[in-house]
Novice: 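Can you keep this structure in mind? I'll have questions shortly.
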Amino acid sequence: INIILTVVIVGVLIYTILDVRNRMNHFPVIFYLGAAGNITTGIKHMISDRKIMGLITFVVAVILIIIAGFNKTIVGGPM
């Protein structure tokens, strides 16, 4: 799942950077996808008894969700 999310994130990022002025509304999606990747990694860490690393990963995911929310209010976008 993480590999697929990473490929999607990179694809959307490249697509957005190619024409930033018209695709600026995709940045919240990139942050949401990054948060999803961190959540899946956090779950993997929690299952493998690396609780502190899993907790740190969940905190980073929450930070990405907050950044996506601010970004969405500033530039607009889907979700």
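Nothing fancy with the numbering, it's 1 onward along the sequence.
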Novice: Would a hydrophobic clustering, with Ile, Leu, Val, Met, Phe, Trp and Tyr connected at side-chain separations under 4.5 Å, put V75 with I9?
Specialist: yes

Novice: Atom CE of residue position M46 - does it have more than 12 heavy atoms of other residues, nucleotides or ligands inside 6.0 Å?
Specialist: yes

Novice: Rounded to the nearest 0.5 Å, what separation is found between the CG atom of L64 and the CD1 atom of I30?
Specialist: 11.5 Å

Novice: Can you see which heavy atom on T57 is nearest to which on G42, and at what distance?
Specialist: CG2-N, 3.7 Å

Novice: Checking R23 side chain against L18 main chain: does a donor-acceptor pair fall under 3.5 Å?
Specialist: no

Novice: I need the minimum non-hydrogen distance between A35 and I65, along with the two atoms involved.
Specialist: CB-CG1, 3.6 Å

Novice: Can you spot which of I14, L13, V12 makes a side chain to side chain contact (heavy atoms under 4.5 Å, CB included) with V10?
Specialist: I14

Novice: I'd like to know whether N2 forms a side-chain contact (heavy atoms from CB on, under 4.5 Å) with K44, so could you lay out the CA-CA distance, the side-chain angles of the two residues, the decisive distance to 0.1 Å, and finally the verdict.
Specialist: CA-CA 10 Å; N2 284 342; K44 183 177 76 172; 4.2 Å; yes

Novice: Quick check: is F70 connected to Y32 through a chain of hydrophobic side chains (ILVMFWY, heavy atoms under 4.5 Å apart)?
Specialist: no

Novice: Find out if a path of hydrophobic residues (ILVMFWY) with successive side-chain heavy-atom gaps under 4.5 Å connects I63 to I56.
Specialist: no

Novice: Evaluate whether atom CG of L55 has more than 12 neighbouring non-hydrogen atoms of other residues, nucleotides or ligands under 6.0 angstrom away.
Specialist: yes

Novice: Apply side-chain contact (heavy atoms from CB on, under 4.5 Å) to F58 and I39, showing your working.
Specialist: CA-CA 6 Å; F58 284 132; I39 289 171; 4.2 Å; yes

Novice: What's the separation between atom CZ in R21 and atom CG in D19, rounded to the nearest 0.5 Å?
Specialist: 9.0 Å

Novice: Starting from V29, can I reach I1 by hopping between I/L/V/M/F/W/Y residues whose side chains sit under 4.5 Å apart?
Specialist: yes

Novice: Check whether I17 and V8 end up in the same hydrophobic cluster, where Ile, Leu, Val, Met, Phe, Trp and Tyr are linked by side-chain heavy atoms less than 4.5 Å apart.
Specialist: yes

